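The model shown is predicted, which means the values in this text are computed figures rather than measured ones. For reference, positions follow the sequence shown, starting with 1.
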Amino acid sequence: VQLVESGGGSVQSGGSLRLSCAALGYPQSIYCMGWFRQAPGKEREGVAIIDYDGTPSYADSVKGRFTISQDNAKNTLYLQMNSLKPEDTAMYYCAATYTRGLCTVVAASTSRFGYWGQGTRLTVSS
């Protein structure tokens, strides 16, 4: 499967933005999909993950502000981001795995995800 992100950009603190990730090729049987982010000088971290039946999981830092969703008919994953903060500034990556297991931000490490998009940048200014 090939993952293609879009929707990044620059926004002021408190603003909103929606990221999209199109899964091309063979999206069937994907077990988990998720959004990760990497800020300069920091490790890549999980932001939100959703499993095959639509159950979401969020990092504590984005709970109540971000919403992950998927449109199976369009093979597209979304991340709606509201109340954005400067600390949300990062490169955001879409990822997918066919490997069974827990699909939570805490349990699903980056190493479990074998398919990654090219990333889309988000900059939040204060």
Side-chain angles (χ1 to χ4, degrees):
V1 67
Q2 181 183 2
L3 304 176
V4 181
E5 304 104 331
S6 61
S10 297
V11 63
Q12 289 192 329
S13 182
S16 298
L17 209 62
R18 188 178 78 162
L19 304 182
S20 299
C21 172
L24 310 175
Y26 190 70
Q28 294 86 352
S29 302
I30 288 176
Y31 201 79
C32 308
M33 289 192 75
W35 291 97
F36 293 75
R37 67 186 180 187
Q38 188 166 18
K42 294 188 177 181
E43 291 187 357
R44 192 169 297 188
E45 62 177 359
V47 175
I49 292 176
I50 193 165
D51 68 9
Y52 62 95
D53 68 358
T55 302
S57 170
Y58 299 96
D60 288 343
S61 58
V62 306
K63 278 181 182 176
R65 300 189 297 121
F66 290 13
T67 302
I68 188 171
S69 62
Q70 56 191 8
D71 184 331
N72 292 328
K74 296 181 179 179
N75 295 325
T76 301
L77 182 73
Y78 301 100
L79 185 68
Q80 177 65 44
M81 304 181 292
N82 299 327
S83 302
L84 283 164
K85 305 175 181 180
E87 50 264 45
D88 294 318
T89 295
M91 185 73 82
Y92 282 73
Y93 297 90
C94 173
T97 179
Y98 292 90
T99 305
R100 291 179 174 270
L102 288 176
C103 294
T104 64
V105 169
V106 173
S109 65
T110 56
S111 61
R112 180 155 160 229
F113 289 79
Y115 300 89
W116 293 85
Q118 80 286 354
T120 185
R121 188 174 300 279
L122 169 67
T123 301
V124 183
S125 57
S126 57

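Across all their heavy atoms, M33 and A96 have their closest contact at CG-CB, 4.0 Å. A pairwise comparison of heavy atoms in V124 and T89 identifies N-OG1, 2.9 Å as the closest pair. For the residue pair S126 and P86, the shortest heavy atom distance occurs at CB-CG, 3.9 Å. Residues Y98 and S29 come closest through the heavy atom pair CD2-O, 3.2 Å. Considering all non-hydrogen atoms of both residues, C103 and R112 come closest at SG-NH2, 4.0 Å. Nearest heavy-atom pair across Q118 and V4 is OE1-CA, 3.9 Å.
F36 and Y58 sit in two unconnected hydrophobic clusters of ILVMFWY residues. Membership requires side-chain heavy atoms under 4.5 Å apart, directly or through other members. Cluster membership for L79 and L17, using ILVMFWY side-chain heavy atoms within less than 4.5 angstrom, is shared. If you chain together hydrophobic residues whose side chains sit under 4.5 Å apart, Y115 and V47 fall into the same group. Residues M91 and V62 fall into different hydrophobic clusters, defined by Ile, Leu, Val, Met, Phe, Trp and Tyr side chains chained together at heavy-atom separations under 4.5 Å. By the criterion of side-chain heavy atoms lying less than 4.5 angstrom apart, applied directly or through intervening Ile, Leu, Val, Met, Phe, Trp or Tyr residues, L77 is grouped together with L19 in one hydrophobic cluster.
Contact check for C21 versus Y93: no side-chain heavy atoms found under the 4.5 Å cut-off. The closest side-chain heavy-atom distance from F66 to L84 is below 4.5 Å. For the pair L122 and M81, the minimum side-chain heavy-atom distance is below 4.5 Å.
Counting only distance, with no hydrogens or angles, the side chain of Q80 and the backbone of T67 share no donor-acceptor pair below 3.5 Å. Between the side chain of S57 and the main chain of V105, a donor-acceptor pair closer than 3.5 Å is present. Using a distance-only test at 3.5 Å, with no hydrogens or angles considered, no donor-acceptor pair links the side chain of T76 to the main chain of A22. Between the side chain of W116 and the backbone N or O of L3 there is no donor-acceptor pair closer than 3.5 Å.
More than 12 heavy atoms of other residues, nucleotides or ligands shown are found within 6.0 angstrom of CD on E87.
Sorted by first and then second residue, the pairs that involve residues 31-42 and meet salt bridge (charged side-chain N to carboxylate O under 4.0 Å, His left out), not counting sequence neighbours, are R37-E45, R37-D88.
The OH atom of Y31 lies 11.5 Å from the CZ atom of F113; values are rounded to the nearest 0.5 Å.
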Show me the side-chain donor-acceptor pairs of residues 48-56 shorter than 3.5 Å, one per line, residues at least two apart or across chains.
| unit_1 | atom_1 | unit_2 | atom_2 | d |
| --- | --- | --- | --- | --- |
| D51 | OD1 | D53 | N | 3.1 |
| D51 | OD1 | G54 | N | 3.2 |
| D51 | OD1 | T55 | N | 2.9 |
| D53 | OD1 | T55 | N | 3.3 |
| D53 | OD1 | T55 | OG1 | 3.0 |

